[in-house]
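Every number for a ligand or one of its atoms is a count from 1 in the order of the listing. Since the structure is predicted, the reported quantities are computational estimates derived from the model, not experimental observations. Residue numbers run from 1 in the order of the sequence given.
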Amino acid sequence: MQTSVTPTHCPYCALQCGMNLTPVPDGDGGSVVEVTERTDFPVNQGALCGKGRTAPALLSSRVRLTTPLVRTDGELRPAGWDEALDRIAEGLSRTRTEHGPDACGIFGGGGLTNEKAYTLGKFARVALGTSQIDYNGRFCMSSAAAGGIKAFGLDRGLPFPLEDIPRTGCVILVGSNLAETMPPALRYLTELKENGGTLIVIDPRRTRTAEQADLHLAPRPGTDLALALGLLHLVVAQGRTDEAYIQERTSGWEEARAAAMAHWPEYVERITGVSVPQLRETVRMFCEPESAMVLTARGPEQQSKGTDTVGAWINLCLATGRAGRPYSGYGCLTGQGNGQGGREHGQKADQLPGYRKLDDPAARQHVAEVWGVDPDSLPGPGRSAYELLDAMGTDIRSLLVMASNPVVSAPRAAHIEERLRSLDFLAVADVVLSETAELADVVLPVTQWAEETGTTTNLEGRVLLRRQAITPPDGIRSDLYVMRELAARLGVEKGFPTDPEEVFEELRRASAGGAADYSGITYRRLVEEGGVFWPCPAEDGDGDGGRDGVHPGTPRLFLDRFATPDGRARFVVVSHRPLAEEPDEEYPVLLTTGRVVSQYQSGAQTRRVDELNAAAPGPFVELHPRLAERLGAVEGEPLAVVSRRGRAVAPARITTAIRADTVFMPFHWPGEGRANTLTNPALDPVSRMPEFKGCAVRVERVGSVERAG
Ligand SMILES: Nc1nc2c(c(=O)[nH]1)N[C@H]1C(S)=C(S)[C@@H](COP(=O)(O)OP(=O)(O)OC[C@H]3O[C@@H](n4cnc5c(=O)[nH]c(N)nc54)[C@H](O)[C@@H]3O)O[C@H]1N2
Ligand SMILES: Nc1nc2c(c(=O)[nH]1)N[C@H]1C(S)=C(S)[C@@H](COP(=O)(O)OP(=O)(O)OC[C@H]3O[C@@H](n4cnc5c(=O)[nH]c(N)nc54)[C@H](O)[C@@H]3O)O[C@H]1N2
Ligand code: SF4
Ligand SMILES: [Mo]
């Protein structure tokens, strides 16, 4: 066991706050860690939210899995590792023999380190030979990724470090509740205002974040695309475009301009509920300063038109010359701890390491060489996350889940739960007995965060080293061990090391020359420098940018050129379209969903921490007093929310902070109050993102047949 202070990073969100861990005795002869302030990491400068501060609670054997579990006679009972691994290998092999490799599915997570995500992608394609792998990041930032790649030729959440935010003139924050989802980052917005910059927040709710804004726009959920087009219309009408920039650095403006001109402010006001004077004020605040930024999060992205919506906001940036210039640009606030790195190295259905495409022959050749396999043996692209889950029990017969809890977090969750139950075989590797693990045939207890080493890439594209601070309890093994052992049982003895640094060394080679090039990054550099921004090729191309041939990394992208073949950013041609499911007589109210500060995601981890549970004990239905009055809803009393997918019940929380046509539910809980029982799996045609942020519901007092309307 290490005894000294270990500087490392939080297990939860994409901010990857720095923290120090010190082992202390746990009273049972083992040890746990204590979190203390780490001020040398620039992103959070010592600040942590309640989740990060209480993260050590999950290391305790009271709440976690400590032994493999194998289902026998319908019950999960403790078993040894060999028995558990044999059962999984048998389950997968049987499926492969009876139905072919593509009947085996793998579902990963954006919480996995780069080393694990990389190995999972390799495990699927090399050991199992299946094309059917995707991950929960598909539910997260896939629309922003698709939009970014279309426009800029590259997807990195933020193309600049967070420290640039206070130095811009205006920030439009679209559908991000940063004050609750990344509390230490609020500092950057406070500093922005102190420096004389302005903040515009766009959210159907007056959130804690919106309360900080100079201007809060509260559009109807699902109308961000129209809103962005309306703003661009005004920019053109007021002659605020940057013609020289458009000429020099972009392509496709004429078509995009024509599409925006069809979105008159009055028409946009009718669609969005945002008044024309507010639209004008937004344009003024955004265009007057020398620099400005648009940052999006899940609000506009988790829509069945999320990719187009992101494109429309990028168009606004491009038309005003606010991208690829100092303190200006478009960025997406990525969500999970390794939401960024987790989407770069191959656990995505269409992807190979280094952000390469699985259907690109040169990429296949390069990666196959690193893996020592024939390029033709690599499968092609597979299904996206929801489509993969939806195919369970039919085309997909066996599934391995690593770091996700879809029973709570997938859209149309009751259906997904039923599909999980219909599998021939389900294996789950997790740190706790999640609701998904409860359904498994085999559950594997794995090491977490403070018990292992690995890299993550935060929302700025900064690659970081999370360091082991404590010895894991007996009986618990790492995800890398799981993959090595399963690969061996499937007949692939080599190529699955369990030492994270060895995996990273291979990842460096596999990513070399790709868009997300990590080849110049080493564990040693990460320790010495505290983090390195990708792309970071092994060789410093110009010879003068860094220390003798060492590439310094790339904190700021696109300053000289965009990552498209001609170096120009591309406008996209987009038009307003409605939600996949608009309210009607039977389902007259809009439901949108999201997060609260004290719970994380499916809650599998944070619902096991007493302090967090006390702060956020359960689900609720947020609604406006006018809607409450119409329904006869009473604060704290249960309301049923019913959609075409199912029915959820949770207490009413009445507040003027939400639009009167919309109700909001957080999605962190299973059971009766599960928000995802209601959500619509309508997918974005490009990103395959489900529409978590808007569906039609009716709301009823429990025990009454009265309807909202
Ligand atoms: N406490 C906490 N922090 C987290 C997480 C967590 O679960 N809990 N998860 C992490 C992850 S993985 C992610 S992805 C991020 C997510 O971070 P955020 O994107 O900030 O989180 P959400 O609450 O999903 O959505 C943000 C806001 O979008 C608004 N919204 C809803 N519908 C619309 C719409 O149609 N348009 C617009 N403009 N806004 C809309 C909601 O009212 C909400 O306030 O948070 C990360 N941090
Ligand atoms: N209605 C609605 N639904 C949503 C969203 C929304 O806004 N609204 N947001 C979506 C978004 S953005 C996201 S990111 C998803 C997230 O939803 P999930 O994918 O369910 O995310 P988590 O709850 O973080 O699940 C991670 C699981 O992995 C385990 N785990 C943690 N670390 C490790 C590890 O290193 N190895 C292994 N094997 N397991 C580990 C945890 O204990 C937990 O059980 O939810 C999506 N669902
Ligand atoms: S903001 Fe995110 S990274 Fe920072 S302490 Fe909280 S959960 Fe951890
Ligand atoms: Mo996310």
Open item on the list: How far is atom 23 (O) of ligand 2 from the closest protein heavy atom, and which atom is that?
Closed with: S602 OG, 2.5 Å
Open item on the list: To check your reading of the model: name the closest protein heavy atom to atom 47 (N) of ligand 2, its residue, and the distance in Å.
Closed with: S409 O, 2.8 Å
Task: ligand 1 N/O within reach of V597 N/O, cut-off under 3.5 Å - done: yes
- [ ] Would you sort out whether L627 and L623 count as a side chain to side chain contact (heavy atoms under 4.5 Å, CB included), showing the intermediate values?
- [x] CA-CA 7 Å; L627 179 58; L623 76 170; 4.1 Å; yes
Task: Identity and separation of the nearest protein heavy atom to atom 8 (N) of ligand 2 - done: T593 OG1, 2.9 Å
Task: S434, S404, P411: member with heavy atom nearest to atom 25 (O) of ligand 2 - done: S404
TODO: Examine S598 against ligand 1 and note whether any of their N/O atoms are separated by less than 3.5 Å.
DONE: no
- [ ] List the closest protein heavy-atom neighbour of atom 24 (O) of ligand 1: residue, atom name, distance to the nearest 0.1 Å.
- [x] R595 NH1, 2.6 Å
Task: Short side-chain donor-acceptor distance under 3.5 Å, Y330 and T296 - done: yes
TODO: Check side-chain contact (heavy atoms from CB on, under 4.5 Å) between A410 and all other residues, then give those that pass, not counting sequence neighbours.
DONE: F139, L389, P406, I416
Open item on the list: For E211, is there an ion pair with R208 - N to carboxylate O distance below 4.0 angstrom?
Closed with: no
Open item on the list: If we set the cut-off at 4.0 Å for heavy atoms, which region of D479 has an atom near ligand 2: side chain, backbone, both, or neither?
Closed with: side chain
- [ ] Please state whether the rings of W81 and Y481 are parallel, tilted or perpendicular, taking 30° and 60° as the class boundaries.
- [x] perpendicular
Task: Close side-chain approach of L439 to L426, heavy-atom, < 4.5 Å - done: yes
TODO: With heavy atoms only and a cut-off of under 4.0 Å, state how T592 meets ligand 1: side chain, backbone, both or neither.
DONE: side chain
Task: ligand 2-proximal atoms of Q448, by part, heavy-atom distance under 4.0 Å - done: neither
TODO: Starting from atom 28 (O) of ligand 2, locate the nearest protein heavy atom and write down its residue, its atom name and how far away it is, to 0.1 Å.
DONE: A403 CA, 3.0 Å
Task: Enumerated ligand 2 atoms positioned under 4.0 Å from heavy atoms of Q605 - done: 31 (C), 41 (C), 42 (O)
Task: Check: A385 main-chain N/O paired with D134 side-chain donor or acceptor under 3.5 Å - done: yes
- [ ] Rounded to the nearest 0.5 Å, what's the gap from CG on N338 to OG1 on T334? Could you check?
- [x] 10.0 Å
TODO: May I ask you to identify, for K51, whether its side chain, its backbone, both or neither come under 4.0 Å of ligand 1 on a heavy-atom basis?
DONE: side chain
Task: Matching residue for E115 among V503, L507, T453 - test: side chain to side chain contact (heavy atoms under 4.5 Å, CB included) - done: V503
- [ ] Indicate, as side chain, backbone, both or neither, the part of Q599 found under 4.0 angstrom from ligand 1 when only non-hydrogen atoms are considered.
- [x] backbone
Task: Within-cut-off N or O pair, Y600 and ligand 1, under 3.5 Å - done: no
Open item on the list: For atom 43 (C) of ligand 2, what is the closest protein heavy atom, and at what distance to 0.1 Å?
Closed with: D430 OD2, 3.5 Å
Open item on the list: Side chain, backbone, both or neither: which applies to L112 and ligand 2 if a contact is any heavy-atom pair less than 4.0 Å apart?
Closed with: side chain
Open item on the list: Can you confirm if the NZ or CZ of K122 lies within 45° of the ring axis of F496 and under 6.0 Å from the centre of its six-membered ring?
Closed with: yes
Task: Numbered atoms of ligand 2 (with element) below 4.0 Å of N136, judged on heavy atoms - done: 18 (P), 19 (O), 21 (O)
TODO: Check whether more than 12 heavy atoms from other residues, nucleotides or ligands sit under 6.0 Å from atom CD of E672, and answer yes or no.
DONE: no
- [ ] Could you establish whether C140 and ligand 1 come within less than 4.0 Å of each other, counting only heavy atoms on the residue side?
- [x] yes
TODO: Give the atoms of ligand 2, by number and element, whose distance to some non-hydrogen atom of A429 is under 4.0 Å.
DONE: 37 (C), 38 (N), 39 (N)
TODO: Report the member of E301, Q601, R608 with the shortest heavy-atom distance to atom 16 (C) of ligand 2.
DONE: Q601
TODO: Answer with side chain, backbone, both or neither: which part of Q336 has a heavy atom less than 4.0 angstrom from an atom of ligand 2?
DONE: side chain
- [ ] Check whether any N or O atom of R220, backbone or side chain, sits under 3.5 Å from an N or O atom of ligand 1, and answer yes or no.
- [x] no
Open item on the list: Using a plain distance cutoff, I'd like to know if P204 has any nitrogen or oxygen under 3.5 Å from a nitrogen or oxygen of ligand 1.
Closed with: no
Task: T209 heavy atom under 4.0 Å from ligand 1 - done: no
Task: Shortest protein contact, atom 35 (O) of ligand 2 (heavy atom only) - done: K116 NZ, 2.9 Å
TODO: Write out the residue and atom name of the closest protein heavy atom to atom 3 (N) of ligand 2, then the distance separating them to 0.1 Å.
DONE: N676 ND2, 3.0 Å
Task: Location of contacts on N405 toward ligand 2, heavy atoms closer than 4.0 Å - done: both
Task: From the candidates L612, D203, D224, the one that places a heavy atom nearest atom 44 (O) of ligand 1 - done: D203
- [ ] Report, in ascending order of atom number, the atoms of ligand 2 lying under 4.0 Å from any heavy atom of V446.
- [x] 36 (N), 37 (C), 38 (N)
Open item on the list: Just so I know, are the side chains of Q302 and S143 near enough to count as touching, which here means a heavy-atom distance under 4.5 Å?
Closed with: no
- [ ] Applying salt bridge (Lys or Arg N to Asp or Glu O under 4.0 Å) between E451 and each of R477, R466, R467, R64, report the one that passes.
- [x] R64
TODO: Quickly, which of N405, T436, N136 forms a side chain to side chain donor-acceptor pair (under 3.5 Å) with S602? Name it, please.
DONE: N405
Task: Under 3.5 Å: N/O of V596 near N/O of ligand 1 - done: yes
TODO: With R205 as the cation and F664 as the aromatic partner, state whether NZ or CZ is under 6.0 Å from the six-membered ring centre and within 45° of the axis.
DONE: yes
Open item on the list: Closer than 3.5 angstrom, by distance alone: can the side chain of T207 be matched with the main-chain N or O of D203 as a donor-acceptor pair?
Closed with: no
TODO: Take every heavy atom of Q303, measure it against each atom of ligand 1, and state whether any distance is under 4.0 Å.
DONE: yes
Task: I470 and L21: CA distance, side-chain angles, deciding distance, side chain to side chain contact (heavy atoms under 4.5 Å, CB included) verdict - done: CA-CA 9 Å; I470 193 173; L21 296 182; over 6 Å; no
Task: Protein contact to atom 2 (C) of ligand 2 [nearest heavy atom, distance to 0.1 Å] - done: F692 CD2, 3.2 Å
Task: Between NE2 on residue H576 and CG on residue D308, distance to nearest 0.5 Å - done: 12.0 Å
